[in-house]
Amino acid sequence: MTGIDVQRFGAISGLAVTALAGATLIGGCVDQANGGGAGSRDQITAVGSSTVYPFTTMIAEQLVANDPDAKAPVIESTGTGAGMKLFCAGIGAGHPDIEDASRRMKASEYKDCAANGAGQILEIQVGIDGIAFAEAKNGPKMQLTPTDLYKALAASPGGRPNTARVWRDVNPALPPVPIQVYGPPATSGTRDALAELILTKGCEASDPAAKPLAKSDPDAHKALCTRVREDGMYVDAGENDNLIVQKLQSNPNAIGVFGYSYLEENKNDVNGVAISGVEPTYATIADNRYPGSRPLYIYVKKAHLSAIPGLRTFLKLYAANWGATGPLVKRGLIAAPPAVQARSAAIIANETILDPAVLS
């Protein structure tokens with residue numbers, strides 16, 4: 001996990017769990033949100049996506065820079081799935097205010113939130129990202145398709161155990177370079193998006209029986225299309241995307257998978273890998289030409305807005321910085337279309353609650 005710079009904020013993610021656990025001890029304090037607030041905790045806490053983490057961290061930096069008396073927010077990079085479990089566990093001082101998410105909340109996750117009294121949630125799209133595939137500057141200059149990636153990474157492409165060892169095994173046009181892909185863990189929203197946007201497309205393009213299976217037997221479809229092999233060809237690199245960049249530099253034949261912002265941040269060290277002939281760039285992700293484009297969200301508990309000092313200001317800072325010429329774009333965020341930005345800003349201004357009917 002990663003935390004806000006210790007020199008500026010005196011908090012690192014290694015201490016973040018301790019901070020949250022300690023907050024649980026003040027559950028007996030006077031509730032500040034009509035039976036569902038966050039007790040007396042006076043700093044913002046956020047968990048979730050490693051992709052959204054740098055953007056939320058930047059807003060935290062601005063919050064403190066604008067108000068020296070403000071307590072530094074504690075931002076944890078836990079992965080979207082793990083963050084959802086923490087976020088949906090309840091309301092009050094022991095539970096996060098914000099969930100960073102590199103995919104939309106699932107209906108099952110909302111159900112958990114509601115069951116634990118955290119059903120009143122703001123869903124705010126903060127921008128767009130792309131699942132970027134990258135290689136070292138001295139890499140083999142790969143050109144891949146979703147079908148190539150499915151055949152290389154799926155546990156059972158076509159229903160048979162995956163025996164591919166080099167890229168040429170999956171496509172004769174590719175080089176005889178060993179398959180070695182460093183990517184996110186199963187708890188990551190980036191992994192979910194990889195499965196949905198890339199592996200499933202490759203699966204259904206290469207196997208005519210796969211698409212009907214999605215309706216007739218969803219579990220079988222998931223096993224066929226999105227279960228990733230576990231024989232060392234795909235390496236779970238954890239939630240530290242910077243570690244993947246380092247691994248690519250030490251292993252030039254490997255490919256890494258992470259959010260576009262990390263590709264942009266490390267463009268002097270790695271190159272983007274074209275998918276279906278399209279390079280991962282700001283422009284191709286913004287107009288959905290790049291196959292891995294996806295929305296990025298933050299989820300916020302309405303009950304905590306009045307209980308946590310600075311939380312409303314934090315959300316307004318997000319809206320003030322996510323434009324096409326704003327600081328978040330300079331850090332690697334892809335600005336959402338103007339209509340999406342306006343809708344998200346209105347959700348913040350009006351504190352509009354998420355309608356769970358839109359979730360799947």
Side-chain angles (χ1 to χ4, degrees), residues 103 130-136 139-186 188-237 244 247-248 251-260 263 270-280 284-285 288-294:
R103 59 161 171 78
I131 308 166
F133 295 82
E135 62 181 13
K141 305 295 186 287
M142 299 288 278
Q143 298 272 335
L144 300 172
T145 67
T147 298
D148 296 334
L149 288 160
Y150 168 67
K151 290 181 177 179
L153 300 181
S156 306
R160 295 175 295 277
N162 199 334
T163 59
R165 291 293 178 266
V166 299
W167 286 101
R168 186 164 288 176
D169 290 340
V170 305
N171 183 342
L174 295 175
V177 173
I179 297 169
Q180 184 82 93
V181 177
Y182 297 108
S188 168
T190 301
R191 176 76 166 267
D192 292 335
L194 170 65
E196 177 185 348
L197 300 175
I198 303 296
L199 298 182
T200 295
K201 287 180 181 177
C203 174
E204 295 179 350
S206 62
D207 186 347
K211 196 166 187 176
L213 195 62
K215 291 186 177 180
S216 64
D217 192 341
D219 289 339
H221 180 272
K222 184 176 181 180
L224 175 66
C225 291
T226 64
R227 189 162 65 88
V228 174
R229 62 194 302 182
E230 299 177 349
D231 57 359
M233 303 296 160
Y234 181 91
V235 180
D236 177 343
I244 297 179
K247 288 182 178 293
L248 295 181
N251 184 1
N253 285 330
I255 288 175
V257 185
F258 39 59
Y260 168 77
L263 175 61
V270 296
N271 289 328
V273 172
I275 305 298
S276 299
V278 181
E279 299 275 354
T284 60
I285 294 169
N288 285 316
R289 280 183 290 139
Y290 183 70
S293 298
R294 58 176 176 169

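- Between Arg229 and Ile179 there is a side-chain heavy-atom pair separated by less than 4.5 Å.
- In this structure, the side chain of Glu279 does not engage the main chain of Tyr290 through any donor-acceptor pair within 3.5 Å.
- Although no hydrogens or angles enter the test, the distance criterion places no donor-acceptor pair under 3.5 Å between the side chain of Asp207 and the main chain of Gly158.
- Of the possible polar contacts, one joining the Arg191 side chain to the Pro184 backbone as a donor-acceptor pair under 3.5 Å is found.
- Contact between Leu197 and Gly292 at its shortest, heavy atoms only, is CD1-O, 3.7 Å.
- The residues Asp219 and Arg227 are annotated as not salt-bridged, no charged nitrogen and carboxylate oxygen being separated by less than 4.0 angstrom.
- Within the 4.5 Å cutoff, no side-chain heavy atoms of Lys151 are placed close to those of Asp169.
- Contact record, Ala254 with Tyr182: CB-CE1, 3.5 Å, taken as the closest heavy-atom pair.
- Annotation for Ala134 and Phe258: closest pair CB-CZ, 3.7 Å, computed over non-hydrogen atoms.
- The backbone N or O of Ser276 sits nowhere less than 3.5 Å from a side-chain atom of Thr145 that would complete a donor-acceptor pair.
- For Arg168 (side chain) and Pro175 (main-chain N/O), no donor-acceptor pair under 3.5 Å exists by modelled atom type.
- Side-chain contact check for Ile285 versus Ser293: some heavy-atom pair is nearer than 4.5 Å.
- Looking at heavy atoms from C-beta onward, Phe133 lies out of side-chain contact with Leu144 at the 4.5 angstrom threshold.
- Contact of the His221 side chain with the Lys211 side chain is not registered, since no non-hydrogen atoms from C-beta on lie closer than 4.5 Å.
- Taking every heavy atom of both residues into account, Gly130 and Arg294 meet most closely at C-NE, 4.5 Å.
- Between Leu248 and Ile255, the shortest heavy-atom distance links the atoms CD2-C, 3.6 Å.
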>> Using the rule given for side chain to side chain contact (heavy atoms under 4.5 Å, CB included), can you reason through Val235 versus Lys247, listing the C-alpha separation, both sets of side-chain angles and the distance that settles it, and then say yes or no?
In response: CA-CA 11 Å; Val235 180; Lys247 288 182 178 293; 5.5 Å; no
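- Counting heavy atoms from C-beta on, the side chains of Ile244 and Val257 never come closer than 4.5 Å.
- When every heavy atom of Val170 is checked against every heavy atom of Ala164, the shortest pair comes out as CG1-CB, 3.7 Å.
- Contact of the Leu149 side chain with the Ile275 side chain is registered, since non-hydrogen atoms from C-beta on lie closer than 4.5 Å.
- Atom-to-atom distance recorded for Glu204:CD and Tyr150:OH is 10.0 Å, nearest 0.5 angstrom.
- By the neighbour-count criterion of 12 heavy atoms within 6.0 Å, atom NZ of Lys141 is densely surrounded, having more than that number from other residues, nucleotides or ligands.
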